[in-house]
Each structure stands twice: as structure tokens, then as C-alpha cells.
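Below is one structure, written out as C-alpha cells, with a few remarks after it.
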Amino acid sequence: MVEIAIIEHNPKLSSSLQQLVNEQHGFRCRIAESRIGAFFEKLNLSLPPDILVLDTFLKNGSVLDHLPKLKMLLPQTKLMIHSGEADEELLFKALKKGINAFLLKDNSSAEFVATLQRLEQGEDYIDPRLSSNIINIFQRNWSAPLPPALKLGSIAQLLNEREAQVVRGLVDGKPYKEIASDLFLSINTIRHYVKSIYRKAGVHSRTGLMRMIK
């Protein structure tokens, strides 16, 4: 049985979604609340939901504010945002915080159920009306300038844009895993870029790179 939980600020919609889920074979909605506080009161961490459906508008703030806590408490739970607006910036920020699906509310009930099924089968999903612009969103958000300390250094002319982004993470003292998460890359890819950066800078360690930049 696939266990579903729903946090939807509109009580009527929350109730109707709960009924829709319970009508599906193999799915059961254990929690359907309009407030995230009420959800936490009913949440049993020993029996976490398989999928948590989240409204973008919550009485205690934006859904983005609660995603880190939800990811920490429910690391195995798939998170699905059910949004009333085609907000591309919200989508980008939510993806960075680890959501698995983003669906607009004006879709049919059948599409809502289909998205739950995709998540249950291990597939992530973005509403096609937003996914068509996802490349532009990422390019716009990751066209970061070189760190000020690098602008005057000879190494700056040797780095490509992605290497410069990795250097920013190194300068900030971030571990490889965090840099990989920020840039949506694998740790092995980050290691490849770091080796390339060290080679171009003529150093052999992060300490050597920091000394050169300073």
C-alpha cells in the first residue's frame, strides 16, 4: 500500500484530494490537512508517508521555508508540490531543495493520480508547461560572475564558467558533496573539475589554491 499525505491550505480541496487518493487501488491517504502544524501533529515518524503532496501557499509561510525540515525528517518520502501558479522561480528553488514532482492544480484528477503513480514507480516529474523553460531557468541562475579575488588573477583567464563556479564553492569552504548538490552534478564530476583547476593553477591542494587567490 502506497501511503500518501497531503497538506493543502484549502480544506475542501484537501478533502477532495484525500477522497480521490483513497479511490485508487493500492493507494491510501493517511493524512490530509490544511495546516503544516496539524500535519506534524499527526505525523508518525516510524510510519512515514511514501509521498507528501504540498500546496505552495501555507499559512505558516512559503512551502520553500519548510522543505529543509521535511527533507530532514522524511528523507525517504517523495515530495510533490501541487501549485496553483506556473511559477518558474518557485520550481527552480524547490528543485534545489530536493522536491521530486511539480504539478499545476488545473490538471485533471487523472493527471494528479498519474503523477502519484510516477513517483511510486521511482520517476520524478515536472508539469510540461514549466519543464519547457527549465533550461533557461538554470542558465539564468547559474551565470554567476567570477569571485572578485579571481578577476585580477591570471588563473581567471584559464577557467571556463563551470570551473569558476566550482572555485566559488572551494573558496566558500564547501565540501565536494555540497558543491555537487549546488551545481546539480555528481561528486566525480566535481573531482574532475577540481583536478583541472589545480592543474591550471599549478597547485596540488585547496590550501594551495586559496594561497594563490589571496
Side-chain angles (χ1 to χ4, degrees), residues 1-138 141 184:
M1 182 68 68
V2 181
E3 301 287 350
I4 309 295
I6 297 171
I7 306 175
E8 164 57 54
H9 85 279
N10 184 327
K12 290 184 178 180
L13 181 55
S14 177
S15 178
S16 64
L17 290 176
Q18 180 180 32
Q19 181 179 350
L20 174 64
V21 170
N22 288 332
E23 290 173 351
Q24 311 307 312
H25 177 70
F27 287 81
R28 178 176 62 187
C29 183
R30 186 191 304 160
I31 302 175
E33 292 291 342
S34 59
R35 296 182 299 106
I36 195 165
F39 165 77
F40 283 125
E41 290 175 2
K42 290 187 176 181
L43 178 63
N44 182 352
L45 290 177
S46 64
L47 293 171
D50 297 298
I51 300 171
L52 173 57
V53 179
L54 294 156
D55 189 5
T56 52
F57 177 80
L58 300 174
K59 293 182 179 179
N60 296 80
S62 167
V63 65
L64 297 174
D65 299 329
H66 299 283
L67 286 178
K69 181 178 180 180
L70 290 169
K71 291 291 292 184
M72 179 182 67
L73 292 176
L74 305 168
Q76 303 303 318
T77 298
K78 298 292 184 70
L79 302 180
M80 168 184 165
I81 287 185
H82 197 214
S83 176
E85 298 181 5
D87 189 332
E88 295 174 349
E89 286 300 324
L90 173 64
L91 168 62
F92 177 81
K93 292 176 182 178
L95 286 172
K96 286 184 63 178
K97 292 179 181 290
I99 66 152
N100 303 98
F102 196 106
L103 184 71
L104 296 177
K105 288 184 179 181
D106 60 1
N107 277 285
S108 65
S109 298
E111 186 59 31
F112 179 86
V113 172
T115 302
L116 295 181
Q117 293 171 338
R118 293 184 184 102
L119 291 173
E120 188 272 330
Q121 294 168 7
E123 301 176 13
D124 292 346
Y125 181 76
I126 298 174
D127 194 299
R129 287 168 289 178
L130 286 168
S131 62
S132 61
N133 294 324
I134 194 67
I135 294 177
N136 293 331
I137 300 173
F138 276 82
N141 281 274
F184 297 94

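Under a 3.5 Å cut-off, the side chain of Asp50 and the backbone N or O of Glu3 do form a donor-acceptor pair. Between the side chain of Lys78 and the main chain of Leu119, a donor-acceptor pair closer than 3.5 Å is present. Remark: the backbone N or O of Ser15 is not paired with any side-chain donor or acceptor of Gln19 at under 3.5 angstrom. Put simply, the side chain of Arg118 never gets that close to the backbone of Ala101: no donor and acceptor are under 3.5 Å apart. Looking at Asp55, its side chain never comes within 3.5 Å of a backbone N or O of Ile7 through a donor-acceptor pair.
Considering only heavy atoms from C-beta on, Val53 stays 4.5 Å or farther from Glu8 through its side chain. In this structure the side chain of Phe27 never reaches within 4.5 angstrom of the side chain of Val113, judged on heavy atoms. Looking only at side-chain heavy atoms (C-beta outward), Leu13 and Ser34 stay at 4.5 Å or farther from each other. In this structure the side chain of Asn107 reaches within 4.5 angstrom of the side chain of Arg129, judged on heavy atoms. Put simply, the side chain of Ile99 does not reach to within 4.5 Å of the side chain of Val63, judged on heavy atoms. The shortest side-chain heavy-atom distance between Ile126 and Leu95 falls under the 4.5 Å cut-off.
Exactly one of Gln18, His9, Lys42 qualifies for a side chain to side chain donor-acceptor pair (under 3.5 Å) with Glu33. That residue is Lys42.
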- Given His82 and Leu17, is the side chain to side chain contact (heavy atoms under 4.5 Å, CB included) satisfied, shown in steps? CA-CA 11 Å; His82 197 214; Leu17 290 176; 4.0 Å; yes
- Assess whether side chain to side chain contact (heavy atoms under 4.5 Å, CB included) is satisfied between Leu116 and Val2, documenting all intermediate values. CA-CA 9 Å; Leu116 295 181; Val2 181; over 6 Å; no
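Between Phe112 and Leu103, the shortest heavy-atom distance links the atoms CA-CD2, 3.7 Å. Between Leu52 and Leu74, the shortest heavy-atom distance links the atoms CD2-CD1, 4.4 Å. Between Ser83 and Leu90, the shortest heavy-atom distance links the atoms OG-CD2, 4.5 Å. Across every non-hydrogen atom of Cys29 and Asn22, the tightest pair is N-OD1, 2.8 Å. Among all heavy-atom pairs drawn from Thr77 and Pro48, the shortest one is OG1-CB, 4.1 Å. Heavy atoms only, all atoms of each residue included: Leu43 and Pro49 are closest at CD1-CD, 3.9 Å.
Atom CD of Glu85 is surrounded by 12 or fewer heavy atoms from other residues, nucleotides or ligands within 6.0 Å. For Lys71, the NZ atom sits in a packed shell: over 12 heavy atoms of surrounding residues, nucleotides or ligands are nearer than 6.0 Å. Atom NZ of Lys105 has more than 12 heavy atoms from other residues, nucleotides or ligands within 6.0 Å.
The distance from atom CG of Leu54 to atom CD1 of Ile81, rounded to the nearest 0.5 Å, is 6.5 Å. Rounding to the nearest 0.5 angstrom, the gap separating the CE atom in Met80 from the CD1 atom in Ile4 is 9.0 Å. Separation of atoms OG1 (Thr56) and CG (Leu91) is listed at 12.0 Å; rounding is to 0.5 Å. Atom CD of Glu120 sits about 7.0 Å away from atom CD1 of Ile51, to the nearest 0.5 Å. Separation of atoms CZ (Phe40) and CG (Leu45) is listed at 9.0 Å; rounding is to 0.5 Å.
Of the N and O atoms on the side chains of Tyr125 and Gln117, not one donor lies less than 3.5 Å from an acceptor on the other residue.
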